[in-house]
Each structure stands twice: as structure tokens, then as C-alpha cells.
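Worksheet for the structure shown next.
Counting starts at 1 for both ligands and their atoms, following the listed order.
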Amino acid sequence: MNKTERIIREHDQFVLQTYTRNPVAAVRGEGSWIWDAEGKKYLDFFPGWGVSGLGHCHPRVVEAVREQAGKLLHMPNNFYNELAGRLARLIVEKSFPGRVFFGNSGAEANEGAIKLARRFGEPEGRFEILTMKASFHGRTLTTVTATGQEKYHSGFGPLPPGFRYLPFNDIGALEEAVSKKTVAVMLEPIQGEGGVHPASPEYAKKVREICDANNLLMIVDEVQTGMGRTGDFFAFQGYDVIPDLMTLAKALGGGLPIGALVVKEEFVGFLPPGTHASTFGGSPVVCAAALAVFQTMEEEGIIENVREKGDYLRRKLEELASDFPMIREIRGRGLMLGMELDREGKPIVDRCLEKGMIVNCTAGNVLRVMPACNITREEIDQAVGILREALSEEEI
Ligand SMILES: *Cc1c(COP(=O)(O)O)cnc(C)c1O
């Protein structure tokens, strides 16, 4: 038995089997590359669902974590924490005037947004949150209910009430759905899990208008799209609208677990002291990592790189699309691209893995191409080469 087989055997025996896993045990990562327990190297074009937005083990993040780990790992949130304040300031300066609540995950950030919306609507008996079909907002009982995909709800009933699912990008459906019970509209600027579907600019603007006209909160889930991924610091900035609540997680911590709920100043009073909490939220080490992410984005021109390499990658994928009729469409923005196929994507993903490249397939037939935001041209060329090989081994 080799090392990978030993790792897999122990894992399968003692870890709850809630995931379907690839038979790779990664032991080291650097930039857009990881190495498995057998020493095989992979080009990672889907680093941790976007968590490793600056690639694996970015040296600045690693150094910041090392340094902070030697000073103070954790203090509870009934004391002050210099790093949390500094990080919240940076998030607010890059987004909109307001304040930040720190948790540990995307689901937890969304949970906070939903709780705030409930308190916002409570005086008038409003509670219903309109979310989108094919959305994804997390796996806690409430965020999975906010998620407009039945396959994630199955078997978990009774689900918390107060959610209604609308077809994405359908202005008429939204106008019709608003009622006396409605308190918020929640959406991803680009649906990731649902198959890389961007909100249309008209739709995003209309959501803002409808929220304003009906005193609803506009909640934007930027857990996947935030931190430069789409070529703007936050994806909403590409739409010329400002949400009332924004949630972040994935790339924010440079690989460490962090979630953030950003609340526009006029709504911060809806979660006063004692109403919401998270023991680990905003702990010094994860804040140090996130601060290093912000610093790196600035100093290494990450947004510019996303725009430039995003255009380049898109062109390369469109070349593939013109050579392979099985590719129906290339969608997305920046370095969040989806390639819709006329067939299941899993065999292609598996073949890429064999050839030393990690890529994701979502919604059955959409290859999700989402490399680190500091990806290079050479790495893109290598990845597109592997994709081309994997595609050419498909039957027409
Ligand atoms: C991943 C994701 C979440 C859930 O984040 P977790 O950290 O897994 O809880 C929520 N919303 C979106 C858009 C996501 O992509």
C-alpha cells in the first residue's frame, strides 16, 4: 500500500463520508501548484473553491500567520482586538461605509445577514427573503434553505420558513414576488455553484431599485466573487449598485477560515450587543492572514492581473470552444469562468486530474475554471493545453 492508499483508508474509515472525493492526498502547495503524497505535481485551476485566491501558501500570508501565532492566537470577542479593527476598516474602505461582523465561514456570514434581515423586518411583521433558483448560500439549515436548489434540501425538513425562490435574472418575477411579508432580496453577483451565471446589469440595477422602492434589504453574497475574483475588488462594483449587506469568506483569509458580514451604516443598529456572536470570529491569526491578503492585493496588483489574465484565459477558452463543438458557451467575468458542455463534465475533470491539473465541474455540465488571482500566462497556457488534450479524448 502506498502512502496515498494509507491516507485514504484511514480517512474513509473515520471521517464522515459527506463528500465525493478525488483520490489525491495533497501534502504541499505553492502558488498554483500542489504536490500529492506520491510526489506528483498538479496545476490547480480551482484552488479550494477560490479560498486560495492568491495561490497556495502565499509567502506574505504564511509569514503573517507565523508571526501572529507566536504573539496571540485567540482572545474572546468581549475584548478588543487590534487586527480585527484594522481588517474591518480595510473591508469597509474597499466596499461601502458600514461595519463588519466576523465569523468563520461563508454560511456563517450569510446566517448573520439573514438574522439581521429578520430583525429589520420584525416591527412590521416582515420576514420573507427572496432568493434565486440555482443559488448557493451555504449548508447550515437556514443558509441551505436560502439556497434555491432542492437537491440540497432533500431530507432535512422541516426547513425554516420565510424563503421564496425566484428565477435568476427575471425582473418580472421579482416585481411580482414582493409582498407585505418581504424583507430582503439575496443574490450572488455571479452564481458559482449554480453553473457560473452572471447577473445581468439590468437585473442588478432593478434589484436595487425594487429594494429601495419597497424598503427591502439588498443582500449580496460575495463569498465566492469577492476579493478580486471578477476583476473588481467586489463583484457588485462591476454593476454600479451598492448593496445593504454583503457577505464574504473564501478568499478573504488567504487559506484560513474567516467569514465577514458587511452592514451598511444605516442598518448597523439592527444587531445591537447581545444579539449575535461567534466565539472564533475575527481571531487574531485569521485577521493577520486576511490583512496580508489585502496588502498583497495592493502591492502585487492582483486586480490588474485578474483583468489581464481573465481576458487572456477567456480568449484561450473561446479558441477551445471554436475547436470543440461540445463546448456550448463560455461565461463569467475576470477569473471566474464557466465552460458549458453539451455533456457531463466529470469524465473530463477526471482526465485532467490524471494529466496533472485540478479543475471543477458544477451543475453537471459546466467546467468551472477559477485559477488563483496571481496566475501567470505560462500557467494558463499549460492548463489550456491539458484541457485541450482532455477534450480531444472525448467522443464527438
Ligand atoms: C462557498 C459559498 C458559500 C458557503 O461558504 P462556506 O464557507 O462553505 O460556508 C456561500 N455562498 C457562496 C456564494 C459560496 O460560493
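Dense packing is recorded around CH2 of Trp33, with more than 12 heavy atoms of other residues, nucleotides or ligands lying under 6.0 Å away.
Looking at Pro347 and Asp350, their side chains never come closer than 4.5 Å, going by heavy atoms from C-beta outward.
Among pairs with a residue in residues 283-320, those fulfilling ring-ring contact (aromatic ring centres under 6.0 Å, His included) read Phe233-Phe294, at least two apart in sequence or across chains.
No close placement of the His197 and Phe168 rings is indicated, their centers lying 6.0 Å or farther apart. Aromatic rings of Tyr19 and His11 (six-membered ring for Trp) have centroids beyond the 6.0 Å cut-off, not under it.
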Distance dump, ligand 1 polar atoms to protein, N/O, under 3.5 Å:
from, atom 1, to, atom 2, distance (Å)
ligand 1, 7 (O), Gly106, N, 2.8
ligand 1, 9 (O), Gly106, N, 3.4
ligand 1, 9 (O), Ala107, N, 2.7
ligand 1, 11 (N), Phe136, O, 3.2
ligand 1, 11 (N), Asp221, OD1, 3.4
ligand 1, 11 (N), Asp221, OD2, 2.7
ligand 1, 15 (O), Gln224, NE2, 2.7
ligand 1, 15 (O), Lys250, NZ, 2.7

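Side chain of Asp221 to main chain of Asn110: no donor-acceptor pair is present (N/O by atom type, distance under 3.5 Å, no hydrogens or angles).
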